[in-house]
Amino acid sequence: MRGQPVCEVYQLGLVDYEDAWQLQRELAARRSAGEIPDTLLLLEHPPVYTTGKRNAGANLRLPPDLLGAPLIESDRGGDITFHGLGQLVAYPIIDLRAAGLGIVTYVRSLEEVIMRTLRDYGIESALECGLTGVWVGNDKIAGIGVRVGRPGGASGAWVTTHGLALNVDVDLAWFELIVPCGIADRGVTSIQRLLGDAPSLSAVAERLVAHFGEVFGREMLQAREKLIPRSRSAAV
């Protein structure tokens with residue numbers, strides 16, 4: 001809706017986790033300085049396990065060298081999870097103060113975006129008291145892990161990085177090698193498992209963008225310029 005603050009949307013395709021992480025840091029610094037509007041990155045990652053700032057590796061069911069995918073300790077909140085093909089990852093780069101949001105309200109808003117997206121496919125999901133993410137019965141279908149920082153220092157804005165991961169058609173066997181999110185008595189599911197078939201990632205992304213605009217009160221604009229994450233190895 002015109003008249004609302006703008007959020008630029010970038011469809012990045014398949015991006016290595018560390019390259020996307022570096023890109024988020026660069027964009028967060030620019031958002032904190034007021035150089036760019038709020039931004040939403042949509043992408044997939046090659047298979048990778050990531051942990052939050054605490055309990056790194058505490059919820060592995062195998063030694064790291066037997067996981068079959070890298071294990072990366074990041075600076076987000078939350079415990080261990082898996083990212084891979086068939087999972088829609090969304091990283092919002094948002095100035096929370098300008099949006100009038102606190103951290104808890106921000107996370108609840110991300111959960112609402114996910115639940116509205118799933119409802120478009122006939123999937124009724126819910127929240128669980130004391131747990132982040134979105135659930136269908138006893139199984140998690142979308143995880144959330146965020147960071148809020150001031151990349152510009154004391155004079156800069158409070159800006160979000162990291163975000164959400166929605167299981168569309170991901171191979172759920174990868175999650176069996178860890179205790180997902182450190183919760184041993186819960187499972188993991190996907191749109192494909194629930195419906196027997198799955199929409200394309202691009203279709204789900206389109207619905208998620210629309211609901212993101214509704215929930216956050218943003219005019220969602222597809223960015224005109226291409227945003228190409230720099231390979232960490234190429235940047236060295």
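Everything numeric in this text was worked out from a predicted model, so none of it was measured.
- Scanning both residues, W174 and L67, for their nearest heavy atoms gives CZ3-O, 3.6 Å.
- R61 has no carboxylate O lying under 4.0 Å from a charged side-chain N of E176, or vice versa, which leaves the two without a salt bridge.
- Hydrophobic clustering, with ILVMFWY side chains joined whenever heavy atoms are under 4.5 angstrom apart, groups F212 together with L127.
- Between T50 and the options E18, H45, E73, R76, a side chain to side chain donor-acceptor pair (under 3.5 Å) holds for only R76.
- Listed for the D169 side chain is no donor-acceptor partner under 3.5 Å among the backbone atoms of Q192.
- Both V15 and I72 belong to a single network of hydrophobic side chains, linked directly or stepwise wherever heavy atoms of I, L, V, M, F, W or Y lie under 4.5 Å apart.
- Smallest separation of non-hydrogen atoms from S32 and P151: CB-CG, 3.7 Å.
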Test log, rule side-chain contact (heavy atoms from CB on, under 4.5 Å), inputs L71 and L60: CA-CA 10 Å; L71 173 63; L60 297 176; 3.9 Å; yes

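- One hydrophobic cluster, built from ILVMFWY side chains closer than 4.5 Å, holds both I123 and L88.
- For E124, the side-chain contact (heavy atoms from CB on, under 4.5 Å) partners two or more places apart in sequence, or in a different chain, are R119.
- Of the possible donor and acceptor atoms, none in the side chain of R150 sits under 3.5 Å from a partner among the backbone N and O of W158.
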Check against side chain to side chain donor-acceptor pair (under 3.5 Å), R147 and S74: CA-CA 10 Å; R147 174 180 170 82; S74 78; over 6 Å; no

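- Between Y17 and H83, the ring planes are parallel. Angles under 30° get that label, and only those over 60° would be called perpendicular.
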Criterion side-chain contact (heavy atoms from CB on, under 4.5 Å) on L27 and T161, from CA distance to verdict: CA-CA 9 Å; L27 292 174; T161 52; over 6 Å; no

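- The closest donor-acceptor contact from the side chain of T189 to the backbone of I141 lies at 3.5 Å or more, if one exists at all.
- Looking at T117, its side chain does come within 3.5 Å of a backbone N or O of V113 through a donor-acceptor pair.
- Summarising the geometry of H162 relative to Q24, their closest heavy-atom pair is N-OE1, 2.5 Å, with the distance given to 0.1 Å.
- Linking Ile, Leu, Val, Met, Phe, Trp and Tyr whenever their side-chain heavy atoms come within less than 4.5 Å leaves L85 and V89 in two separate clusters.
- Counting only distance, with no hydrogens or angles, the side chain of E8 and the backbone of D38 share no donor-acceptor pair below 3.5 Å.
- Panel note: side chain T39, backbone P37; a donor-acceptor pair is recorded below 3.5 Å.
- Residue pairs meeting the salt bridge (Lys or Arg N to Asp or Glu O under 4.0 Å) criterion with at least one partner in residues 190-206, sequence neighbours excluded, are absent.
- A salt bridge links R186 to E128: at least one charged side-chain nitrogen sits closer than 4.0 Å to a carboxylate oxygen.
- Across all non-hydrogen atoms, the minimal contact from K140 to G133 is CE-CA, 4.3 Å.
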Verdict with reasoning, W21 to D75, per side chain to side chain donor-acceptor pair (under 3.5 Å): CA-CA 9 Å; W21 186 8; D75 60 353; 3.1 Å; yes

Verdict with supporting geometry, L42 and V9, side-chain contact (heavy atoms from CB on, under 4.5 Å): CA-CA 7 Å; L42 299 171; V9 181; 3.9 Å; yes

